[in-house]
Amino acid sequence: MMQAATIGFNTEYSEDAPSLEEIHSLSSLTFLEFGAPWCGHCQAARNAMQEAIDEHSSLVHIKVFDGKGKRLGRQFAVKLWPTLILLRDGKEVERIVRFTSAEEVRRLLLLS
């Protein structure tokens with residue numbers, strides 16, 4: 001499994017982002033989260049993310065440190081943090097931006 005990915009809630013943003021090819025090769029339901037550890041919106045979303053993922057502990061959570069010059073975020077057209085993208089078999093199903101509640105994350109899962 002790639003370094004930025006964990007099964008269940010991922011606590012840390014990884015500087016070592018997977019490549020777009022690695023993302024497209026995923027064969028499971030996956031959350032791809034873009035943000036930064038110092039971002040206030042990201043910090044506010046942390047508990048919501050953890051609560052929702054703890055209910056679905058088999059989900060893969062890839063948490064990528066995004067910013068200027070970070071290629072993967074640009075490939076997914078990330079403009080605001082946190083951006084949470086639901087992937088099914090490496091393809092985007094839906095996304096939410098600047099979420100604050102576990103309910104918003106749960107609604108994403110209903111689309112899967």
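All heavy atoms count here, side chains included; hydrogens, waters and symmetry mates do not. Predicted model, so just to flag it, every value in this text is computed and none were measured.
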Enquirer: Once rounded to the nearest 0.5 Å, what's the spacing between atom CZ of Arg95 and atom CD1 of Ile85?
Expert: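 One gets 4.0 Å once the value is rounded to the nearest 0.5 Å.
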Enquirer: In Å and rounded to the nearest 0.5 Å, what is the CG to CG distance from Leu32 to Leu84?
Expert: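 Output value for this atom pair is 8.0 Å.
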Enquirer: What is the minimum heavy-atom distance between Asp66 and Gly73, and which atoms define it?
Expert: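 Minimum heavy-atom contact is OD1-CA, 3.5 Å.
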Enquirer: Between CD1 of Ile62 and OG of Ser14, what distance do you get to the nearest 0.5 Å?
Expert: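 Ile62 CD1 to Ser14 OG: 10.0 Å, rounded to 0.5 Å.
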Enquirer: Using a strict cut-off of less than 4.0 Å between a Lys/Arg side-chain nitrogen and an Asp/Glu carboxylate oxygen, indicate whether Glu94 and Arg107 qualify as a salt bridge.
Expert: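 Result for this pair is no, no salt bridge flagged.
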Enquirer: Taking all non-hydrogen atoms of both residues into account, name the closest pair between Tyr13 and Cys42 and its distance.
Expert: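 Distance-wise, the nearest heavy atoms are OH-CB, 3.3 Å.
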Enquirer: Can you label the angle between the His61 ring and the Phe31 ring as parallel, tilted or perpendicular, going by 30° and 60°?
Expert: perpendicular
Enquirer: Using the rule given for side-chain contact (heavy atoms from CB on, under 4.5 Å), can you reason through Val60 versus Ile7, listing the C-alpha separation, both sets of side-chain angles and the distance that settles it, and then say yes or no?
Expert: CA-CA 4 Å; Val60 175; Ile7 303 293; 3.6 Å; yes
Enquirer: Which atom names give the shortest non-hydrogen contact between Val64 and Pro18, and what distance separates them?
Expert: CG2-CD, 4.0 Å
Enquirer: Working to the nearest 0.5 Å, report the span between CG of Leu87 and CZ of Phe76.
Expert: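 Leu87 CG to Phe76 CZ: 5.5 Å, rounded to 0.5 Å.
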Enquirer: Please evaluate residues Ser25 and Glu22 with respect to the criterion side chain to side chain donor-acceptor pair (under 3.5 Å), reporting the C-alpha separation (whole Å), side-chain torsions for both, the decisive distance (0.1 Å), and the verdict.
Expert: CA-CA 5 Å; Ser25 71; Glu22 288 173 309; over 6 Å; no
Enquirer: To the nearest 0.5 Å, tell me how far Leu72 CG sits from Phe65 CZ.
Expert: 14.0 Å
Enquirer: By the definition side chain to side chain contact (heavy atoms under 4.5 Å, CB included), identify the one residue from His56, Gln50, Met49 that meets it with Ile53.
Expert: Met49
Enquirer: Taking His41 for the side chain and Arg98 for the main chain, is one N or O donor matched with an acceptor at less than 3.5 Å?
Expert: no
Enquirer: Decide yes or no on side-chain contact (heavy atoms from CB on, under 4.5 Å) for Leu110 and Leu108, but give the supporting numbers first.
Expert: CA-CA 5 Å; Leu110 292 175; Leu108 253 189; over 6 Å; no
Enquirer: Minimum heavy-atom separation for Arg74 to Gly67, with atom names?
Expert: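 Answer, listing the atom of Arg74 first, then Gly67: NH1-O, 2.9 Å.
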Enquirer: Can you tell if the side chain of Val97 reaches within under 4.5 Å of the side chain of Val78, non-hydrogen atoms only?
Expert: no
Enquirer: For the CZ atom of Phe34 and the NZ atom of Lys79, what is their distance to the nearest 0.5 Å?
Expert: 12.5 Å
Enquirer: Would you check if the side chain of Glu33 reaches a backbone N or O of Pro82 as a donor-acceptor pair within less than 3.5 Å?
Expert: no
Enquirer: Considering non-hydrogen atoms only, spot the tightest contact between Ala102 and Ala48 and give its length.
Expert: N-CB, 3.3 Å
Enquirer: Considering residues, nucleotides and ligands other than Arg71, do more than 12 of their heavy atoms fall under 6.0 Å from its CZ?
Expert: no
Enquirer: Grab the two heavy atoms, one from Ala52 and one from Val105, that are nearest each other, plus how far apart they are.
Expert: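 In terms of heavy atoms, the two residues are closest at CB-CG1, 3.4 Å.
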Enquirer: Would you kindly confirm whether Phe9 and Ile96 end up in one hydrophobic cluster when ILVMFWY residues are joined by side chain heavy atoms under 4.5 Å apart?
Expert: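 Yes, same cluster.
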Enquirer: Would you sort out whether Lys91 and His24 count as a side-chain contact (heavy atoms from CB on, under 4.5 Å), showing the intermediate values?
Expert: CA-CA 6 Å; Lys91 305 288 185 260; His24 288 313; 3.8 Å; yes
Enquirer: So do the side chains of Thr30 and Leu86 get within less than 4.5 Å of each other, counting heavy atoms only?
Expert: no
